[in-house]
Amino acid sequence: MSIAEGDWVVAIVEGKNRRKVYAFRLRAKASYSTFAGSFRGEQAIGLPWGSRIELERGVAYLLKPTLYDLLNLVLPRRSQVIYPKDAGFMLAALGLRPGMRVLEAGVGSGFMTIWAAVHVCPGGQVYGYDVRRDMIELASRNVEVAGLADCVRIKEGDVRAGVEEADLDAAILDMPDPWDALGPLWRSLRPSSPVGVFVPTANQVSKLLAALGPMGGYVVQEVAEVFKREWEPRAEALRPSTRMVGHTGFVVILRRTAQEPAAQARP
């Protein structure tokens with residue numbers, strides 16, 4: 001398969017003691033500038049994926065974007081998204097696999113929606129809730145570009161007011177006040193189902209833990225923070241990068257118990 005007009009291309013450019021990743025929509029008449037020099041789109045059209053183009057001060061490797069590349073470099077975002085390092089850990093902790101039915105509250109730009117859909121497709125479904133129409137429209141477009149629309153249903157709604165679905169296998173809460181959603185969510189989850197909560201501050205974790213005690217219905221399995229540190233890929237001088245993705249948020253994994261939450265109890 002060769003590179004064609006209109007394709008999204010990821011270029012890994014290497015020069016003297018430097019490497020940078022670019023993403024662009026390929027046009028024959030366009031020129032693409034990098035720190036190591038520029039090249040024209042017509043030079044790339046018809047080349048096999050993975051080809052190398054010589055630049056004035058380095059080289060560019062032209063690669064077909066992975067889903068990771070699309071999310072990090074291509075798809076638009078209007079909100080803070082959950083980083084892959086946090087998403088990967090959360091989805092592993094939730095044990096997602098094909099065929100599962102998952103709720104997501106707070107779809108935002110749809111990045112976590114896409115990662116979840118990759119795990120539950122085929123045969124599964126992600127039900128996304130968001131209170132903002134503009135975010136729903138953006139997330140829906142991003143899910144479509146990722147090719148996962150058949151596995152995702154996004155609707156306008158507030159999970160704090162209730163959830164339409166039943167017998168859910170897991171849930172993801174990316175919202176400022178997740179403790180207010182746990183009561184309404186409890187009835188829609190299967191017994192023992194995991195719930196992954198993502199919050200950016202320690203204060204929110206404390207509020208969540210304080211709410212769980214008197215409310216009941218859930219038990220805490222894990223509270224974690226994930227860091228990512230890249231290394232400079234030079235054999236002659238291998239060392240950590242001077243920059244790293246440090247704190248982005250906390251992941252709290254809960255499990256739904258048989259005890260009905262006090263906030264959900266009926267007289």
Side-chain angles (χ1 to χ4, degrees), residues 8 65-84 86-190 193-200 248-249 251-252 254 256:
W8 279 102
T66 63
L67 182 59
Y68 178 84
D69 296 326
L70 286 176
L71 290 167
N72 281 325
L73 304 171
V74 175
L75 295 183
R77 61 182 76 176
R78 291 186 197 145
S79 61
Q80 180 62 50
V81 300
I82 298 179
Y83 278 68
D86 301 309
F89 168 70
M90 184 185 293
L91 296 174
L94 294 179
L96 299 193
R97 59 183 184 276
M100 293 181 70
R101 301 169 68 249
V102 182
L103 177 134
E104 181 192 12
V107 297
S109 300
F111 285 31
M112 189 65 173
T113 315
I114 290 170
W115 286 125
V118 167
H119 285 71
V120 303
C121 293
Q125 195 80 31
V126 178
Y127 302 95
Y129 282 73
D130 205 290
V131 296
R132 290 179 53 177
R133 170 53 53 180
D134 61 330
M135 287 300 178
I136 293 171
E137 293 172 354
L138 175 60
S140 298
R141 290 195 297 270
N142 285 340
V143 168
E144 186 74 35
V145 171
L148 295 162
D150 290 345
C151 297
V152 176
R153 289 181 57 194
I154 302 177
K155 62 184 73 176
E156 187 172 1
D158 189 341
V159 296
R160 294 168 295 191
V163 176
E164 296 178 355
E165 292 73 28
D167 295 324
L168 294 168
D169 297 297
I172 299 165
L173 303 180
D174 181 13
M175 52 193 298
D177 51 357
W179 46 87
D180 286 338
L182 293 174
L185 178 61
W186 186 88
R187 288 187 178 276
S188 294
L189 289 168
R190 295 178 182 272
S193 294
V195 178
V197 179
F198 183 83
V199 289
T248 49
V251 176
V252 182
L254 309 175
R256 192 259 205 203

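It should be emphasised that the depicted structure is a prediction, and the values quoted were computed from it without experimental measurement. Along the sequence shown, the residues carry numbers beginning at 1.
Using a 4.5 Å heavy-atom cutoff, the side chains of Val107 and Val152 are not in contact. Considering only heavy atoms from C-beta on, Leu182 comes within 4.5 Å of Leu173 through its side chain. Side-chain contact between Val74 and Asp69 is absent, with no heavy-atom pair separated by less than 4.5 Å. A heavy-atom distance below 4.5 Å is found between the side chains of Leu67 and Trp115. Side chains of Arg256 and Val195 form no contact here, defined as non-hydrogen atoms less than 4.5 Å apart.
Looking at Ser109, its side chain does come within 3.5 Å of a backbone N or O of Arg78 through a donor-acceptor pair. With Asp169 contributing its side chain and Arg101 its backbone, the two residues share a donor-acceptor pair below 3.5 Å. A side-chain donor-acceptor contact under 3.5 Å links Ser193 to the backbone of Leu168. Arg187 places no side-chain N or O within donor-acceptor distance of the main-chain N or O of Val163, the cut-off being under 3.5 Å.
Nearest heavy atoms, Pro178 versus Val199: CG-CG1, 4.0 Å. Heavy atoms only, all atoms of each residue included: Val159 and Ala105 are closest at CG2-CB, 3.6 Å. Pairing each heavy atom of Gly108 with each of Ala139, the nearest pair is O-CB, 3.5 Å. Of all heavy-atom pairs between Ser188 and Glu165, the closest is OG-O, 2.7 Å. For Asp158 against Tyr129, the heavy-atom pair with the smallest separation is N-CD2, 4.4 Å. Closest of all the heavy-atom pairs between Arg160 and Pro184 is O-CG, 3.4 Å.
If you take CG on Leu96 and CD1 on Ile172, they are separated by 6.0 Å, rounding to the nearest 0.5 Å. Annotation: the span from Met100 atom CE to Leu94 atom CG amounts to 7.5 Å, rounded to 0.5 Å. Atom CG of Asn142 sits about 8.0 Å away from atom CG of Leu71, to the nearest 0.5 Å. In this structure, CZ on Phe198 lies 9.0 Å from CE on Met112, to the nearest 0.5 angstrom. For the atom pair Thr113 OG1 and Ile154 CD1, the distance stands at 5.0 Å (nearest 0.5 Å). Remark: Asp180 CG to Leu185 CG distance equals 12.5 Å, nearest 0.5 Å.
A salt bridge between Asp130 and Arg132 is absent, with no side-chain N of the basic residue lying under 4.0 Å from a carboxylate O of the acidic one. Looking at Glu164 and Arg153, no side-chain N of the basic residue comes within less than 4.0 Å of a carboxylate O on the acidic one, giving no salt bridge.
Crowding of Asp150 atom CG: a count of heavy atoms from other residues, nucleotides or ligands under 6.0 Å not exceeding 12. Residue-environment remark: OH (Tyr83) stays at or below the threshold of 12 foreign heavy atoms within 6.0 Å. More than 12 heavy atoms of other residues, nucleotides or ligands shown are found within 6.0 angstrom of CD on Glu156.
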